[in-house]
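Letters A, B, ... are given to chains in the order of the sequence lines, protein chains preceding strands, and every chain is numbered from 1.
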Amino acid sequence: MSTNAELATIFERMAAMLELLGEDRFRVNAHARAARAIEALSGDVAEIAEDEKALTSIDGIGAKTAKKIREYVETGRVHEHDELLAKVPAGLLEVLDVPGLGPKTVRMMWQEKGVESIADLKRILDDGSILDLPRMGEKTVQNIRESLAFAAKSSERIRLGDALPIAERLVARLEKVKGVQRVAYAGSLRRGRETIGDLDILVSAKDGAAAREAFTGMEGVEKVLASGEKKSSVRLQAGKISVQADLRVVDDAAFGAALMYFTGSKEHNVRLRERAIRMGMTLNEYGLFPETEGEKPPQERGVKPVASRTEEEIYQALGMAFVPAELREDQGEVSDGWETPELVEVSDVRAELHAHTTASDGVMSIVELAQCAKARGFHTIAVTDHSKSSVIAHGLDEARLRKHIEQVREANGRVKGITILAGSEVDIHADGSLDYDDELLAELDVVVASPHAALRQETKEATKRLLRAVAHPLVHVLGHPTGRIINRREGLQPDMAEVAAAAAEHGTALEINCNHLRLDLRDRDVRIALEHGALLALNCDVHAEDDFDELRYGVLTGRRGGLTPDRCINTWGAKKLHGWLKKKRGG
DNA sequence: GCCGTTTTCGGCCCGACTGTTTTCAGTCG
């Protein structure tokens, strides 16, 4: 784990432990916010910590937090964290993660019943002594049991590429319900995060009850967790995916405010509300309201909102540029002077530079692949089958590759309306050397160099390895740079700033592999790459026709990192792209 | 513990739903 991630985890745990000790909630919140601030940093916290002012200038990090950060950088420990660990049983933090159990309840279980772990929780559930606790009845107990079972079944967050199609089906279904006006998915899914905790669906309707009934009665609903007039929650089984889905029903006039609220992030919303208050207004999911006297919230007193129908008008009324959903993470986008970047879109992408055919582990021929790419409006497709070391993927040895190049050239002459480039996805060996010699690499139009094995290297070794590949004069693109698989394999953890700086220096593009299992580079690494001046490639790593559809996940990831078309080689016109590729072939 | 268009103290976002309660605490997002 990087220093940033380690420190963020420490502050997160401190927040949880302080909460369990019944500490002041604002102090708890300050620790949680510091954790998020550290996690969101694009630079190495250890480097930033060298300059005292730089640390405290970060939102959410004050003098005391800065001191703890420096203590960690110097000694590898935060003594306050150690003290808390001595006071709070480690297993109690897992109990706190059980849905429906919050700090008050867990603290009570701990103090009254000696619960220090999930096993202890199960014990008081089984012997019934949990019922001795105040506010603990049969239904609550049953809900805790089900939460435990659910947590055991789906302990991890759902991948973006699994969640988005489910959400789209829910939206399509609700759009058909009579009286429904607008439907949208929101939450971390709309923000394009690589994994999603649950699905948030928003509906405006003349008849809220019909929408609610359609939602809770939908195919795949295993349990209705809550069903009120304005809000419903269900547990849903869709294929192998088990997920919670929340439905919120609002008046169409408040759709924008609700969408904004439901899209989050929570931190972004908090900043917006603080901004509204400074401007003499108040913001909630019903709209942006002028500040008025009254006990009840403004929407219940008939106060007319300043803005509520669309997100655009609310941002405008707050005196801000529109913030694309992918950038709503409280990373400076609510500050004065922030401007909306022209982020890359799916329709901008005109070339695929990473694709496999039946020669290695793809399922399409060269011509079939080219026709798919052409059908999507692409001007260029690169055939980049695996190199010889990828034995399982039927990687090509030198002789097969030479023959393959000929076949690609021949196909390029035959298929009109698209350029088919001869390339290779060349393995980067553990030491950073490549799987073919330079003479052969020089014959290829495109070289994507990717790590496939030895993915557990230490940071130092991994950095050295990738730096060598990036600096190789015949390499165009560093493919799936870390080799991570979401929820399955951590992959390499190189010093991304160093890799990005070298990529910028040598004119090598860093790939955002769009496959939803990979999304590699990840969002924060895209940001680092851009900050260091590197170019990015949005590649689908095509093995079959459907893989072209993975593009949108990569685009979302790129947008989260702030990727604009000018920095993404796949959006360039044919002439510019081919010229750039040829530059690494001496002209 | 952080922060400042209310600036070094005194606040700190806002609402829905459930379950156990007779008016609300706890949790969630």
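- Each of Lys68(A) and Lys104(A) lies near DNA chain B, and the nucleotide nearest Lys68(A) is the one positioned closer to the 5' end.
- At a threshold of 4.0 angstrom between heavy atoms, the contacts of Lys266(A) include nucleobase atoms, whether or not backbone atoms are also involved.
- The salt bridge (charged side-chain N to carboxylate O under 4.0 Å, His left out) test applied to Glu168(A) returns Arg552(A), not counting sequence neighbours.
- Across the C1' atoms, dC3(B) and dT7(B) are found 8 Å apart, a figure rounded to whole Å.
- Counting non-hydrogen atoms under 4.0 angstrom, Ser233(A) reaches nothing in the nucleic acid.
- Heavy-atom distances to DNA chain B give each of Ile277(A) and Ser227(A) a nearest nucleotide, and the one nearer the 5′ end belongs to Ile277(A).
- Nucleic acid contact class of Arg248(A) (heavy atoms, under 4.0 Å, all strands): sugar-phosphate only.
- Residue-level contact check: Leu101(A) touches the backbone only, with heavy atoms under 4.0 Å from sugar-phosphate atoms and none from bases.
- Lys67(A) comes within 4.0 angstrom of nothing in the nucleic acid, heavy atoms only.
- The side chain to side chain contact (heavy atoms under 4.5 Å, CB included) search around Ala66(A) returns Leu55(A), Thr56(A), Ile61(A), Arg70(A), not counting sequence neighbours.
- Within a heavy-atom distance below 4.0 Å of DNA chain B, the residues of residues 198-212 of chain A found are Asp198(A).
- Distance noted for atom C1' between dT8(B) and dG4(B): 9 Å (whole Å).
- To the nearest whole angstrom, the two C1' atoms, one in dT20(B) and one in dG26(B), are 11 Å apart.
- Using a distance-only test at 3.5 Å, with no hydrogens or angles considered, a donor-acceptor pair links the side chain of Arg145(A) to the main chain of Leu125(A).
- Taking atom P in both dG11(B) and dT6(B), the straight-line distance is 15 Å, to the nearest Å.
- Residues satisfying the side chain to side chain contact (heavy atoms under 4.5 Å, CB included) criterion with Met218(A), sequence neighbours excluded, are Leu170(A), Arg173(A), Phe215(A), Val221(A).
- Looking at heavy-atom distances under 4.0 Å, Ile58(A) makes contact with sugar-phosphate atoms alone, never a base.
- The side chain to side chain donor-acceptor pair (under 3.5 Å) check on Glu285(A) picks up Arg248(A), with sequence neighbours excluded.
- Looking at heavy-atom distances under 4.0 Å, Glu138(A) makes contact with sugar-phosphate atoms alone, never a base.
- Look at dT8(B): it lacks any Watson-Crick or wobble partner with both distances under 3.5 angstrom.
- Taking atom C1' on both nucleotides, dG15(B) is separated from dG10(B) by 25 Å, rounded to a whole Å.
- The side-chain tip of Arg328(A) points at the ring of Phe322(A) from less than 6.0 angstrom away and within 45° of straight on.
- Side chain to side chain, Asn4(A) and Glu6(A) fail the donor-acceptor criterion of an N or O pair below 3.5 Å.
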Might you work through the side-chain contact (heavy atoms from CB on, under 4.5 Å) test for Leu93(A) and Arg13(A), ending with a clear yes or no?
CA-CA 8 Å; Leu93(A) 297 177; Arg13(A) 265 209 306 259; 3.7 Å; yes
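- Using C1' as the reference atom, dC17(B) and dT23(B) are 16 Å apart when rounded to the nearest Å.
- DNA chain B is contacted by Phe26(A), Arg27(A), Ala30(A), His31(A) of residues 26-38 of chain A, taking any non-hydrogen atom closer than 4.0 Å.
- Checked against salt bridge (charged side-chain N to carboxylate O under 4.0 Å, His left out), Glu23(A) has the following partners two or more places apart in sequence or in another chain: Arg27(A).
- Taking the C1' atoms as reference points, dG29(B) lies 12 Å from dC13(B), given to the whole Å.
- Interface residues of residues 278-287 of chain A facing DNA chain B, ordered by number: Arg278(A), Thr282(A), Leu283(A), Asn284(A), Glu285(A), Tyr286(A); criterion, heavy-atom separation under 4.0 Å.
- For Asp59(A), there are no salt bridge (charged side-chain N to carboxylate O under 4.0 Å, His left out) partners at least two apart in sequence or on another chain.
- Side-chain contact, Glu329(A) with His268(A): no donor N or O sits under 3.5 Å from an acceptor N or O.
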Please walk me through it: do Thr310(A) and Leu259(A) pass side-chain contact (heavy atoms from CB on, under 4.5 Å)?
CA-CA 8 Å; Thr310(A) 66; Leu259(A) 183 59; over 6 Å; no
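- At the heavy-atom level, Pro297(A) lies under 4.0 Å from the strands shown only through sugar-phosphate atoms.
- Counting 5' to 3', DNA chain B first comes under 4.0 angstrom of a heavy atom of chain A and last does so at the ends given by dG1(B) to dG29(B).
- Taking Asp251(A) as the reference, nothing meets the side chain to side chain contact (heavy atoms under 4.5 Å, CB included) condition, with sequence neighbours excluded.
- Closest non-hydrogen pair, Leu174(A) versus Ala214(A), comes out as CD2-CB, 4.3 Å.
- Pairs engaging residues 82-103 of chain A under the side-chain hydrogen bond (donor to acceptor under 3.5 Å, both in side chains) rule: Arg77(A)-Asp82(A) [sequence neighbours left out].
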